[in-house]
2 protein chains.
Amino acid sequence: MNLLNMKQRNLRSENKKNSNLKLISSTIKNLSKKGINELTMHDVSQGAGLSQGIVNFHFKSKELLLIETLKYISNEYLDSFQRSIAKKGNDPRKKIIGIVENDFSKKICTREKIAVWFTFFSEIKYKPAYHQICKERDMYYQSLTENIFDELIKKEKVKLSKKNISRGFQALIMGLWLDQLEDPDTFNRIQAKKICFEFIKSNFPKQFKGMF
Amino acid sequence: MNLLNMKQRNLRSENKKNSNLKLISSTIKNLSKKGINELTMHDVSQGAGLSQGIVNFHFKSKELLLIETLKYISNEYLDSFQRSIAKKGNDPRKKIIGIVENDFSKKICTREKIAVWFTFFSEIKYKPAYHQICKERDMYYQSLTENIFDELIKKEKVKLSKKNISRGFQALIMGLWLDQLEDPDTFNRIQAKKICFEFIKSNFPKQFKGMF
DNA sequence: TTTCTTTGAATGAGCATTCAACCAAATTTC
DNA sequence: GAAATTTGGTTGAATGCTCATTCAAAGAAA
């Protein structure tokens, strides 16, 4: 196999990847426009600029397409999350602030993406595949924030449960995301961020004194 | 119109009410079992012990049935909520504790009911009717808890925004509800309650000192 | 006798999925 | 390196299934 051969081989597989991506993007766009109930295969292929039967060729079925879509947004979120705490050094305060900034950033906290997330959340109970993906994401997030809160607890010299703080923190964020869905006119991500910072500050008043 | 007439008229309308209730109950049960996507009219009528076409007779369409179902669980929740703060006297601490107790009571905080709630939440963006009902519920809840937190803020003599605390409180509860969906094995409503109490305590340490 | 409620078979629309035919890219052959 | 062959991706019409909705007929209540 020479270089030319490799290039040629790549071209085909790039095309395939490209179609997959187009289809997943179209799924996200259409999900956020119509919800899971009204989403049709026709919408998806149309939105990707491809023809009717193509989704079944690439993803086998509608359900598998949806699972791949959930994996996609989950990875996208994780990437962004990891980047938000990388390069913050060892200061747990900076890390936790970074997480809040990320969760309510312009890129992550859009009404469209949140709508897609909640579409999947709402099906957790009926779709084991969704359940597993969401739970994995959750556990990763949970363990990372637990470590950060553990450091904060030690520095603050206060008796708090890292598990509880961590879960409360994440629940707060999910609830505020939901508010973005319910109340997009009078409530925005800037206010949501502020509420998160206040949560942190009320638990670790010494370390965040004067901040925010 | 004499008494006999009234009784007779009531019998028929009672029957009608009864069918409606049966159908709505069946909708809730089936929604919590299969999600909105797989819910069929057949499921609903079957579950109510009635026949196929009956839903269209009573509710005109599937969509209207779903709207009535949301109204029903919304009213059920509100009733329970109101009862949770009534008869707590004037102590805002007792009121807020009552609310937490209610939101995570055996009756309200079941995985089935939460699944139904999130089914509707996830469609807020696409269904104006759902949006309005959820928002109304939310605003009522919000204004009531704002008043309670306002009292607590004054008593604590602390500078906090009643709006932010209130929204954070509600978001926290919604997030913890979602956890009941995602993580029913390792997380339960007792732990959720504890996290809420800790949230309150961290904001109003003087007033809740030694409590919980 | 009239009005209201229920039944369940029939209808037909909407939609996921299939597939034969086609096209383009990659590989092999000479 | 041109021609022939194989492999992979795409098309879109056809298929058939699932389901909401309709409605004539029947039953119950007023």
Side-chain angles (χ1 to χ4, degrees), chain A residues 1-27 30-31 33-69 123 126-127 129, chain B residues 1-27 30-31 33-69 123 126-127 129:
Chain A
M1 191 198 304
N2 59 27
L3 256 179
L4 183 62
N5 271 342
M6 279 197 65
K7 265 186 193 165
Q8 285 171 334
R9 186 162 299 164
N10 283 344
L11 178 56
R12 195 121 93 176
S13 80
E14 283 309 312
N15 280 346
K16 178 164 186 168
K17 266 188 198 168
N18 218 277
S19 288
N20 281 13
L21 195 62
K22 272 188 202 164
L23 289 167
I24 286 178
S25 299
S26 171
T27 305
N30 279 290
L31 263 185
K33 220 183 287 174
K34 334 177 96 193
I36 204 165
N37 243 327
E38 325 253 283
L39 181 81
T40 68
M41 297 295 248
H42 179 254
D43 292 335
V44 173
S45 50
Q46 180 96 339
L50 294 162
S51 73
Q52 179 74 326
I54 201 70
V55 177
N56 290 282
F57 177 77
H58 284 291
F59 295 94
K60 206 78 182 150
S61 74
K62 188 182 182 185
E63 189 49 33
L64 289 172
L65 166 71
L66 286 169
I67 290 170
E68 289 308 311
T69 303
E123 297 266 299
Y126 326 110
K127 304 275 171 69
Chain B
M1 190 200 302
N2 59 27
L3 257 176
L4 183 62
N5 271 342
M6 280 195 64
K7 265 186 193 165
Q8 285 171 332
R9 186 161 298 161
N10 283 346
L11 179 55
R12 194 119 95 177
S13 81
E14 283 310 311
N15 281 345
K16 179 164 186 169
K17 267 188 198 167
N18 218 276
S19 288
N20 282 11
L21 196 62
K22 273 187 200 163
L23 289 167
I24 286 178
S25 300
S26 170
T27 306
N30 279 291
L31 263 186
K33 220 182 286 173
K34 335 177 96 192
I36 205 166
N37 242 327
E38 325 252 285
L39 181 81
T40 67
M41 297 295 248
H42 178 255
D43 293 335
V44 172
S45 49
Q46 180 95 340
L50 294 164
S51 74
Q52 178 76 325
I54 202 69
V55 177
N56 290 283
F57 176 77
H58 284 292
F59 294 94
K60 206 78 182 148
S61 74
K62 188 182 182 185
E63 189 49 34
L64 289 172
L65 166 71
L66 287 169
I67 290 170
E68 289 308 312
T69 302
E123 297 266 299
Y126 326 110
K127 303 277 171 70

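Letters A, B, ... are given to chains in the order of the sequence lines, protein chains preceding strands, and every chain is numbered from 1. The structure presented is a predicted model; accordingly, all values stated were derived computationally and were not measured.
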Looking at [options], which one has an atom nearest to any side-chain atom of [X]?
X	options	result
B:Ser19	D:dT21, C:dT6, C:dA16	C:dT6
A:Gln52	C:dA16, C:dT6, D:dA20	C:dA16
A:Thr40	C:dC15, C:dG8, D:dT11	C:dC15
B:Phe57	C:dT5, C:dT7, C:dT17	C:dT5
A:Ser51	D:dG9, D:dT10, C:dG8	D:dT10
A:Met41	D:dT11, D:dT22, C:dT17	C:dT17

B:Asp43 side chain vs B:Leu39 backbone, donor-acceptor pair below 3.5 Å: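 Not confirmed, B:Asp43 side chain does not pair with B:Leu39 backbone.
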Along DNA chain C (nearest heavy atom to each residue), the more 5'-positioned of A:Glu38 and A:Ile54: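 Nearest nucleotide further toward 5': that of A:Glu38.
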Please report the distance, rounded to the nearest Å, between [atom1] in [X] and [atom2] in [N].
X	N	atom1	atom2	value
B:Lys16	C:dT6	NZ	P	8 Å
B:Asn37	D:dC19	CG	P	11 Å
A:Glu63	C:dT17	CD	P	9 Å
A:Glu14	D:dG8	CD	P	17 Å
B:Asn56	C:dT5	CG	P	15 Å
A:Lys60	C:dT18	NZ	C1'	11 Å
B:Lys34	D:dC19	NZ	P	8 Å
B:Phe59	C:dT6	CZ	C1'	15 Å

Short side-chain N/O contact to D:dG12 OP1/OP2 from A:His42, under 4.0 Å: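 For D:dG12, OP1/OP2 do not have a side-chain N/O of A:His42 under 4.0 Å.
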Phosphate OP1/OP2 of D:dG9: any A:Asn15 side-chain N/O under 4.0 Å: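 Indeed not, no polar side-chain atom of A:Asn15 lies that close.
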Closest approach of [X] to [Y] (non-hydrogen atoms, all atoms of both residues):
X	Y	result
B:Gly35	A:Glu123	CA-OE2, 4.5 Å
B:Gly47	B:Ser26	CA-OG, 3.4 Å
B:Met41	B:Asn56	CE-ND2, 3.8 Å

Min side-chain heavy-atom separation A:Asn20-A:Lys17 under 4.5 Å: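 Not touching, per the 4.5 Å side-chain cut-off.
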Sugar-phosphate only, base, or nothing, as touched by B:Leu65 at under 4.0 Å among non-hydrogen atoms: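 No contact.
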